[in-house]
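Only a predicted model underlies this, so the values are computations on that prediction, with no experimental measurement involved.
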Amino acid sequence: SFPTRRSSDLGHPVIVEAVTRTLKHMPSASILSTTHEPGVALAEKLLSITPGGDDRRVWFGHSGSDANETVIRSIEAATGKKRVIAFIGA
């Protein structure tokens, strides 16, 4: 099993090739991972059409789970409360 492998096994060419291939094609390795002109333009557009002051931010996530986690953390930061009630189908 993996926990019993020697660390020197991880440098084996087959392992290196597999990890490299995976990293090149990861779903999370997208244009959302870096700052780029179209992303900045979209963020600026979103800020221009939504209400609020200068303290607003735009964050691009990869999935709904990213969005949910961000909402929960934002609620905790804004209210200091650690519990949230959610409703299915609301």
Side-chain angles (χ1 to χ4, degrees):
S1 73
F2 182 76
T4 61
R5 290 185 182 264
R6 296 186 324 257
S7 62
S8 61
D9 292 344
L10 298 177
H12 189 279
V14 172
I15 302 293
V16 172
E17 190 276 328
V19 170
T20 302
R21 184 178 62 247
T22 301
L23 290 173
K24 286 182 179 178
H25 302 289
M26 287 178 59
S28 62
S30 74
I31 61 170
L32 300 178
S33 302
T34 61
T35 302
H36 51 86
E37 239 178 89
V40 171
L42 177 58
E44 288 174 345
K45 177 67 174 176
L46 290 170
L47 290 172
S48 75
I49 63 173
T50 55
D54 291 336
D55 62 344
R56 298 172 302 139
R57 304 284 187 273
V58 174
W59 175 80
F60 297 111
H62 294 280
S63 66
S65 59
D66 285 352
N68 290 333
E69 183 176 348
T70 301
V71 166
I72 298 300
R73 288 178 183 220
S74 298
I75 290 170
E76 289 177 1
T79 66
K81 296 182 180 182
K82 299 289 183 190
R83 296 180 183 207
V84 176
I85 297 174
F87 297 93
I88 296 174

| Linked hydrophobic residues, Val71 as query - side chain contacts closer than 4.5 Å |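 Joined to Val71, directly or through intermediates: Ile72, Ile75, Val84.
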| query | Is Val14 isolated, or which residues cluster with it under the ILVMFWY side-chain rule of less than 4.5 Å, directly or via members? | reply |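 Members other than Val14 - counting any ILVMFWY side chain reachable under 4.5 Å - there are none.
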| said: To check you understand the geometry: which heavy-atom pair defines the closest contact between Glu76 and Lys82, and what is its length? | reply: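 For Glu76 versus Lys82, the nearest heavy atoms are OE2-O, 3.8 Å.
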| field | Contact list for residues 61-74, test salt bridge (charged side-chain N to carboxylate O under 4.0 Å, His left out), sequence neighbours left out | value |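 Residue pairs passing salt bridge (charged side-chain N to carboxylate O under 4.0 Å, His left out), neighbours aside: Glu69-Arg73.
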| query | Which salt bridge (charged side-chain N to carboxylate O under 4.0 Å, His left out) pairs, counting each pair once, include a residue from residues 35-50, with sequence neighbours left out? | reply |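 As it turns out, there is no salt bridge (charged side-chain N to carboxylate O under 4.0 Å, His left out) pair with a partner in residues 35-50 once direct neighbours are skipped.
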The criterion is side-chain contact (heavy atoms from CB on, under 4.5 Å); which residues satisfy it with [X], sequence neighbours excluded?
X: Ser74; answer: Thr70
X: Thr50; answer: Arg56
X: Asn68; answer: none
X: Val16; answer: Thr20

| Among the clusters formed by ILVMFWY side chains lying less than 4.5 Å apart, do Val40 and Phe60 turn up in the same one? |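 Cluster IDs for Val40 and Phe60 differ.
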| query | Taking only residues two or more places apart in sequence, or in another chain, which ones meet Ser65 in a side chain to side chain donor-acceptor pair (under 3.5 Å)? | reply |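 Ser63.
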